[in-house]
Amino acid sequence: LHEEEIKRLFSDFLQRKSGIVGHGLKKIVRSLLWENYSPPNIYMDTQIAVYLLNPAEASYALPSLVTQYGERNFTIGEKTEEGQLDLDGGPQIAQMEAAQEALCASVLVEPLQRAIEEQNLMDLNNEIEIPLIIVLAEMEYLGIKVDLARLTGLRDELKNEVEEIRKIIHELAGEEFNINSPKQLQVVLFENLGLKPGKKTKTGYSTNAQTLEKMKDDHPVINHLLKYREVEKLRSTYGEGLLAVVGEGERIRATFHQTVTRTGRLSSDAPNLHNIPVRTDKGKVFREAFIAKEDWALLVADYNQIELRCIAHLSGDSGLIQAFEAGEDIHTSTAAQVFGVSPSAVSKAQRERAKMVSYGLIYGMEAWGLAQRLGIGNKEAASILNSYFGAFPSVKDYMESTVQIAKERGYTETLFGRRRRIPELSSPNAMTRSLGERQAMNAGIQGLAADIFKIALVNLNHKLKEKKMASRIVLQVHDEVILECPKEEISEAEEVTIEIMGSAFAMSVPLAVNISSGITWSEAK
DNA sequence: GCATGATGC
DNA sequence: AGCATCATGC
């Protein structure tokens, strides 16, 4: 057979109507894209199927999955302690491994398919997760372009700044020590300088930013320490870290994991592009280093308050739904209802509190946690909580019934049927049980937002191809999608993106989308 | 490997 | 306070 003919046969196999099966197919799809093949037709990814059945699965190593789900005795080769296939080291190890993986996956298909059907996970699997494999593989393959000179400049500036702050700190402390070592820092602060410690950690006194913030007035070194932490984080993680992973075409290619989180969200690593700084002025300049290629632009679209909108939809609370339909600032509207004043009379402090309470809600709020966060007493927190649930009674009902159902079943379910087992709910330990309750409340909210966002990604990628547009998705960050577009295509891409994201799922509140464009990620905000 | 502390949504 | 990843120290 000639190479061309082999390629054609292989293409036919990849496109076969019945679809292909594999374990962790995204990696294979990515390789195919590098070799100029079209994305395959996928029947099942056994790794994703297992994830849907149990997002808390300890390991996705095939031998253990075959034992667990394979419904038959099935061993090949020897299992190492790591649960990997152990081969005897012949010259064709890669081929043998591939063959064994394929065999394992094929053994898993039937039982997994049955389990997926039994648990009503078919739609999630076939309509969302499997199509998403291709979308993510294409994003990983493309990567996002960076301004190498800018990134290098930032790294160098930060390096100098860290060094300057280090000297100041050592001078003020009266000794040289490793500032990066919390252990050494504890000795310097709480023994040698005799400062009053605040919170404790498992191993000693806390030196985190929140604690140091409270000690600001006690010693001049504290402010420098806070600055050092900030700048050193930026230097190491974003300066050095990002430069180290710049690849072909001055582009950064992260891996987006589809089977990591308990809630259905994606995760990103090597590098993590989900936590590029945005909050502080010093940090957000890194977003200026993420750019579009020559004569193209970046288009950034994100959902406005999608998780709170999910709560409004799930609870059906008329007050919260009205607050969103009014289209005004949601935290101001919420504050008005909670504190019983008109929206125009809401103070900054009241808006801030309402915002905190809303976030608390997403996290499965309890009075104790809210008190910690707001730095207030338990009683006051409980009273704020009371007013909130007074204003939005159906939200309270929803939270209570969510926990109740989760306790009965042992797992939560999103609106799309995504399951998450929460064994903490039946723990004899009260603190663990409370954690389980918060997880149960959060899972349905964070999970629904994740499901909606995944639908939007799949639909958007499909629409761009259908319209034969050159614009392509290059990055996503939980509720935000970034496209790289030829400049002449921007307005069309904006239109398409807003339409697709806004209509990903019909809810009892609108799905509002913010959108903007620019040459850099920072500019498109 | 775990702990701490930073970043994001 | 829910969900993550990374750098660093020990």
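Residue numbers start from 1 in every chain, and the chains themselves are labelled A, B, ... in the order their sequence lines are given, proteins ahead of strands. As the structure is a computational prediction, the values presented were derived from the model and not from experiment.
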Just list the side-chain donor-acceptor pairs under 3.5 Å for residues 129-136 of chain A, sequence neighbours left out, or say none.
from: A:Glu129; atom 1: OE1; to: A:Gln258; atom 2: NE2; distance (Å): 2.9
from: A:Glu129; atom 1: OE1; to: A:Lys454; atom 2: NZ; distance (Å): 3.3
from: A:Glu129; atom 1: OE2; to: A:Arg418; atom 2: NH1; distance (Å): 3.2
from: A:Glu129; atom 1: OE2; to: A:Arg418; atom 2: NH2; distance (Å): 2.7
from: A:Glu129; atom 1: OE2; to: A:Lys454; atom 2: NZ; distance (Å): 2.8

Inset, instruction - Pick base, sugar-phosphate or nothing for A:Arg438, based on heavy-atom distances below 4.0 Å to the nucleic acid. - result: sugar-phosphate
Inset, instruction - Would you mind classifying the nucleic acid contact of A:Leu435 as base, sugar-phosphate or nothing, using non-hydrogen atoms under 4.0 angstrom? - result: sugar-phosphate
Distances for protein N/O vs nucleotides 4-8 of chain C N/O pairs under 3.5 angstrom?
from: C:dA4; atom 1: OP1; to: A:Arg262; atom 2: N; distance (Å): 2.8
from: C:dT5; atom 1: OP1; to: A:Ser267; atom 2: OG; distance (Å): 3.2
from: C:dT5; atom 1: O4'; to: A:Asn272; atom 2: ND2; distance (Å): 2.8
from: C:dC6; atom 1: OP1; to: A:Ala270; atom 2: N; distance (Å): 2.8
from: C:dC6; atom 1: O2; to: A:Lys233; atom 2: NZ; distance (Å): 3.4
from: C:dT8; atom 1: OP1; to: A:Arg235; atom 2: NH2; distance (Å): 3.2

Legend entry - Partner set under salt bridge (Lys or Arg N to Asp or Glu O under 4.0 Å) for A:Glu163, not counting sequence neighbours: A:Arg166
Inset, instruction - For A:Asp156, enumerate each residue passing the side-chain contact (heavy atoms from CB on, under 4.5 Å) test, keeping only those at least two apart in sequence or located in another chain. - result: A:Thr152
Legend entry - Aromatic ring of A:Tyr363 stacked on base six-ring of C:dG2, 5.5 Å, 30°: yes
Inset, instruction - Examine distances only and state if a side-chain atom of A:Tyr303 and a backbone atom of A:His478 form a donor-acceptor pair shorter than 3.5 Å. - result: no
Inset, instruction - Name all residues meeting the salt bridge (Lys or Arg N to Asp or Glu O under 4.0 Å) criterion together with A:Lys407; count only those two or more places apart in sequence or in a different chain, and write none if there are none. - result: A:Glu437
Inset, instruction - Establish, with yes or no, whether the OP1 or OP2 oxygen of C:dG9 is under 4.0 angstrom from a side-chain nitrogen or oxygen of A:Gln184. - result: no
Inset, instruction - Give A:Gln446 one of three labels, base, sugar-phosphate or nothing, depending on what nucleic acid heavy atoms sit under 4.0 Å from its own. - result: base
Inset, instruction - Assign A:Gly360 to base, sugar-phosphate, or nothing according to its heavy-atom contacts below 4.0 angstrom with the strands shown. - result: base
Inset, instruction - Please work out if A:Ala209 contacts a base, only the sugar-phosphate, or nothing of the nucleic acid, heavy-atom cut-off 4.0 Å. - result: sugar-phosphate
Inset, instruction - Output all residues satisfying salt bridge (Lys or Arg N to Asp or Glu O under 4.0 Å) with A:Asp281, sequence neighbours left out; order by chain, then residue number. - result: A:Lys284
Legend entry - Euclidean distance, atom CD of residue A:Gln186 to atom P of C:dG9 [Å, nearest integer]: 15 Å
Legend entry - Any pair counted as ring pair (Phe, Tyr, Trp, His ring centres under 6.0 Å), so long as it reaches residues 141-184 of chain A, sequence neighbours left out: A:Trp34-A:Tyr141, A:His170-A:Phe177
Inset, instruction - Indicate, with a heavy-atom threshold strictly under 4.0 Å, whether A:Ile276 touches base, sugar-phosphate, or nothing. - result: sugar-phosphate
Inset, instruction - Classify the nucleic acid contact of A:Arg229 as base, sugar-phosphate or nothing, counting any heavy atom under 4.0 Å across all strands shown. - result: sugar-phosphate
Legend entry - Close approaches to DNA chain B from residues 474-483 of chain A, in residue order (heavy atom, under 4.0 Å): A:Val477, A:His478, A:Asp479
Inset, instruction - Give the minimum heavy-atom separation between A:Ser267 and A:Val260, together with the two atoms involved. - result: OG-CB, 3.7 Å
Inset, instruction - Tell me, please, the opening and closing nucleotides of DNA chain B, 5' to 3', among those with an atom under 4.0 angstrom from a non-hydrogen atom of chain A. - result: B:dA3 to B:dC9
Legend entry - A:Glu213: partners by salt bridge (Lys or Arg N to Asp or Glu O under 4.0 Å), with sequence neighbours left out: A:Lys216
Legend entry - Least distance between heavy atoms, A:Leu65 atom then A:Tyr60 atom: CD1-O, 3.6 Å
Per-pair distances, 0.1 Å, donor-acceptor, side chain in residues 376-396 of chain A, under 3.5 Å, sequence neighbours excluded:
from: A:Glu380; atom 1: OE2; to: A:Arg353; atom 2: NH1; distance (Å): 2.9
from: A:Ser387; atom 1: OG; to: A:Ser383; atom 2: O; distance (Å): 2.8

Inset, instruction - Mind calculating the distance between CE (A:Met356) and C1' (C:dG2) to the nearest angstrom? - result: 15 Å
Legend entry - side-chain contact (heavy atoms from CB on, under 4.5 Å) partners for A:Ser434, two or more places apart: A:Glu366, A:Arg438
Inset, instruction - Look at all strands and tell whether A:Tyr359 reaches a base, only sugar-phosphate, or nothing, counting heavy atoms closer than 4.0 Å. - result: nothing
